[in-house]
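Structure, as structure tokens:
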Amino acid sequence: MASPSFMQLALEEARAAGRRGEVPIGCVIVREGTVVARAGNRTLADKDPTAHAELLAIREAAAKLGSERLTDCDLYVTLEPCAMCTAAISFARIRRLYFGAGDPKGGAVEHGVRFFASPTCHHRPDVYGGIAESDSASLLREFFQAKRG
């Protein structure tokens, strides 16, 4: 069901974010087989702690489609979403979530608060983790090693 090419586009966005000095996370939103939005992290560039790839892509998709409900859209992201992004995915009614690497520290899907498992969560997308996991994890590992190095 997941399209490797869409995750490759998310990885391209992540690489571009990394080249800009941002944490290399990328996101693509797809509707009926067509990319409607794509983004990489921009928290530093925008001086905005909410400028995560997922939120930027959700905002772009909602604007393009003219609706806050993205019920027929799938979201591809290179890292397990955090609590903020997971909540936005739920509020946007994203149909399917595909993510690359798991995030034991900040993830909120399979780790941490497990947002979609909460009884107060109103919408749970179908979730598929581990898509291009090694590529996604390598990007992050190399980025942080270079920062420390």
Side-chain angles (χ1 to χ4, degrees), residues 1-31 33-65 68 70 73-118 121 123-149:
M1 185 102 61
S3 169
S5 62
F6 294 132
M7 187 55 86
Q8 289 305 313
L9 293 176
L11 283 162
E12 286 177 19
E13 290 294 330
R15 288 184 194 98
R19 287 191 296 273
R20 295 190 307 269
E22 302 277 1
V23 175
I25 299 170
C27 180
V28 173
I29 296 179
V30 177
R31 179 179 179 221
T34 301
V35 174
V36 293
R38 54 191 293 173
N41 274 5
R42 286 199 323 248
T43 59
L44 299 174
D46 292 2
K47 297 183 179 24
D48 178 356
T50 70
H52 289 198
E54 300 96 319
L55 289 183
L56 296 170
I58 287 170
R59 289 173 187 150
E60 181 182 337
K64 279 185 181 173
L65 298 175
E68 76 284 5
L70 304 175
C73 293
D74 300 334
L75 186 148
Y76 292 77
V77 64
T78 57
L79 184 67
E80 176 183 355
C82 69
M84 174 181 67
C85 293
T86 304
I89 289 165
S90 178
F91 295 153
R93 306 298 196 263
I94 295 287
R95 177 177 55 183
R96 293 184 196 103
L97 165 64
Y98 299 95
F99 69 87
D103 185 0
K105 281 185 172 180
V109 177
E110 294 180 349
H111 298 90
V113 299
R114 299 176 193 253
F115 187 89
F116 299 133
S118 168
C121 178
H123 171 76
R124 295 164 183 82
D126 295 332
V127 176
Y128 306 90
I131 312 297
E133 181 174 18
S134 62
D135 291 337
S136 298
S138 292
L139 265 178
L140 288 160
R141 190 171 37 257
E142 291 166 12
F143 176 83
F144 286 111
Q145 283 174 346
K147 284 269 188 212
R148 291 183 198 109

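Quantities reported herein were computed from a predicted structural model and do not represent experimental measurements. One-based numbering along the sequence shown.
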Measuring from [X]:[atom1] to [Y]:[atom2], what's the distance to the nearest 0.5 Å?
{"X": "Phe116", "Y": "Glu110", "atom1": "CZ", "atom2": "CD", "value": "10.5 Å"}
{"X": "Arg31", "Y": "Leu65", "atom1": "CZ", "atom2": "CG", "value": "5.0 Å"}
{"X": "Phe99", "Y": "Cys27", "atom1": "CZ", "atom2": "SG", "value": "13.0 Å"}
{"X": "Tyr128", "Y": "Arg96", "atom1": "OH", "atom2": "CZ", "value": "6.0 Å"}
{"X": "Ile29", "Y": "Lys64", "atom1": "CD1", "atom2": "NZ", "value": "10.0 Å"}
{"X": "Leu97", "Y": "Leu75", "atom1": "CG", "atom2": "CG", "value": "6.0 Å"}

Option passing side-chain contact (heavy atoms from CB on, under 4.5 Å) with Ile25 (candidates Asp103, Asn41, Leu11):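 Among Asp103, Asn41, Leu11, the one meeting side-chain contact (heavy atoms from CB on, under 4.5 Å) with Ile25 is Asn41.
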Please report the closest heavy-atom contact between [X] and [Y], naming both atoms and the distance.
{"X": "Glu60", "Y": "Val36", "value": "OE2-O, 3.7 Å"}
{"X": "Ile89", "Y": "Pro81", "value": "CD1-CG, 3.9 Å"}
{"X": "Ala101", "Y": "Ser136", "value": "N-CB, 3.8 Å"}
{"X": "Ser90", "Y": "His123", "value": "OG-O, 2.8 Å"}
{"X": "Cys85", "Y": "Leu55", "value": "SG-CG, 4.2 Å"}
{"X": "Gly102", "Y": "Leu79", "value": "O-CD1, 3.8 Å"}

Just so I know, are the side chains of [X] and [Y] near enough to count as touching, which here means a heavy-atom distance under 4.5 Å?
{"X": "Thr43", "Y": "Glu22", "value": "yes"}
{"X": "Gln8", "Y": "Asp135", "value": "yes"}
{"X": "Leu140", "Y": "Thr78", "value": "no"}

Determine, stepwise, if the pair Arg59 / Thr50 fulfils side chain to side chain contact (heavy atoms under 4.5 Å, CB included). CA-CA 11 Å; Arg59 289 173 187 150; Thr50 70; 3.4 Å; yes
Quick one: does Arg19's side chain have a donor or acceptor within less than 3.5 Å of a partner on Pro24's backbone?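 Looks like no, no N/O pair under 3.5 Å.
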Taking the side chain from Glu54 and the backbone from Thr86, do they hold a donor-acceptor pair closer than 3.5 Å?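 Judged by distance alone, no pair lies under 3.5 Å.
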Please report the C-alpha distance between Arg42 and Asp48 in whole Å, then the side-chain angles of each, then the deciding distance to 0.1 Å, and finally whether the side chain to side chain contact (heavy atoms under 4.5 Å, CB included) criterion is met. CA-CA 8 Å; Arg42 286 199 323 248; Asp48 178 356; over 6 Å; no
Phe6 vs Tyr76 aromatic rings, parallel, tilted or perpendicular, using cut-offs 30° and 60°?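 Plane angle between 30° and 60°, so tilted.
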